[in-house]
Amino acid sequence: MKKSLERRLILSAATAGLLLASVGSSFAAQPLKLEFVTHAAFFSAETKQPKTLDPQVFVEDASATEATGPQGIKHVAGVRPPFIDQDARTLKLFNAEHQPLGFDLRSWLSATGTVTISEKDGKVTLDATFKNLQPNASYSLFENHFDTAPITFTPIDGAGKANSFTAKTDGTASVTVTLPGMPTHANAVLVIYNSGGQPHGMERGRIGVDAHHQIIARPE
């Protein structure tokens, strides 16, 4: 009787372990689904700016002096970062050297997208769709690392070879990339607009000059 009871307890424990393993595996396999937001809103909230601004692009202002912006981007006199709730959406945008980007603030802030990151058989895959990007423009996907000081950035594919894409003529894009690992709240998916017309491999480019953070998605 005692041996029979012990055998039943062992079998029950084994069954419970299998169930827990199955549940854990199922939980880990759940895809991560995120919505992109403007980098302007994200940065301003994270750094508690008194006014929502975009440190990556610039508008003309005759009273603006040469300065270093809130994200460490130096700009020439005559331009400043736009204030999102204050400046007209029709204002033309420029880079930090006062070179025109060719579109206005409304167009810049209209970019949206969704991203799904899933893991299967040890392989992590990112699938992203975008709309309202700049037509036929060059973009790159980078990963923010918020767990480093200062914050660091690496190509989303880890190698700088499959992390860039070109938007279609209607401003849409669909991208699939294999990732080195599953992102957490310590990371974020960052979309960089390459105003210079080409990606920069392992580097983001000259931020505010020929590369600009546009939209971002961070896991909870």
By side chain to side chain contact (heavy atoms under 4.5 Å, CB included), V209 pairs with (sequence neighbours left out) N95, A96, E97, R206
Side chains of [X] and [Y]: closer than 4.5 Å at any heavy-atom pair?
{"X": "T116", "Y": "L126", "value": "no"}
{"X": "E60", "Y": "H98", "value": "yes"}
{"X": "K33", "Y": "T114", "value": "no"}
{"X": "I216", "Y": "F43", "value": "no"}
{"X": "L34", "Y": "R218", "value": "no"}
{"X": "T38", "Y": "W108", "value": "no"}
{"X": "V189", "Y": "L141", "value": "yes"}
{"X": "S174", "Y": "T129", "value": "yes"}

Geometric cation-pi criterion, R204 with F153: 6.0 Å, 45°: yes
Could you tell me how the ring of Y193 sits relative to the ring of F103: parallel (under 30°), tilted (30 to 60°) or perpendicular (over 60°)? perpendicular
Walk me through it: do F130 and Y139 pass the test ring pair (Phe, Tyr, Trp, His ring centres under 6.0 Å)? CA-CA 11 Å; F130 304 97; Y139 287 87; 7.6 Å; no
Gap separating the [atom1] atom of [X] from the [atom2] atom of [Y], nearest 0.5 angstrom:
{"X": "I207", "Y": "H200", "atom1": "CD1", "atom2": "NE2", "value": "8.0 Å"}
{"X": "T166", "Y": "L133", "atom1": "OG1", "atom2": "CG", "value": "11.0 Å"}
{"X": "Q198", "Y": "S140", "atom1": "CD", "atom2": "OG", "value": "10.0 Å"}
{"X": "L109", "Y": "I215", "atom1": "CG", "atom2": "CD1", "value": "11.5 Å"}
{"X": "D54", "Y": "H39", "atom1": "CG", "atom2": "NE2", "value": "7.5 Å"}
{"X": "D147", "Y": "N187", "atom1": "CG", "atom2": "CG", "value": "6.0 Å"}

For [X] and [Y], work out which heavy atoms get closest and say how close.
{"X": "K74", "Y": "T68", "result": "CG-OG1, 3.3 Å"}
{"X": "M202", "Y": "G160", "result": "SD-N, 3.7 Å"}
{"X": "L105", "Y": "P82", "result": "CD1-CG, 4.1 Å"}
{"X": "A188", "Y": "P219", "result": "CA-CD, 4.4 Å"}
{"X": "P55", "Y": "P70", "result": "CB-CG, 4.1 Å"}

I'd like to know if the side chain of [X] reaches the main chain of [Y], judged simply by a donor and an acceptor atom lying under 3.5 Å from each other, with no hydrogens or angles considered.
{"X": "H75", "Y": "R80", "answer": "no"}
{"X": "H213", "Y": "I192", "answer": "no"}
{"X": "D157", "Y": "A162", "answer": "yes"}
{"X": "D121", "Y": "K123", "answer": "no"}
{"X": "S44", "Y": "Q49", "answer": "no"}
{"X": "N194", "Y": "G196", "answer": "no"}
{"X": "N163", "Y": "P155", "answer": "no"}

Can you find a side-chain donor-acceptor pair between H145 and T154 that sits under 3.5 Å? yes
Between T176 and D127, do the side chains contain a donor N or O and an acceptor N or O under 3.5 Å apart? yes
Check each of V177, L32, I156 against I117 using the side-chain contact (heavy atoms from CB on, under 4.5 Å) test, and report the only one that passes. L32
Begin with the C-alpha distance, continue with both residues' side-chain angles, and end with the deciding distance and a verdict on side chain to side chain contact (heavy atoms under 4.5 Å, CB included) for D104 and R89. CA-CA 7 Å; D104 60 21; R89 291 290 197 270; over 6 Å; no
Hphob cluster co-occupancy, F83 + L91, side-chain heavy atoms under 4.5 angstrom: no
Using the rule that Ile, Leu, Val, Met, Phe, Trp and Tyr join whenever any side-chain heavy atoms are under 4.5 Å apart, tell me whether F142 and V124 fall into a single cluster. no
Evaluate side chain to side chain contact (heavy atoms under 4.5 Å, CB included) for E143 paired with L179, printing each intermediate quantity in order. CA-CA 10 Å; E143 182 176 347; L179 308 187; over 6 Å; no
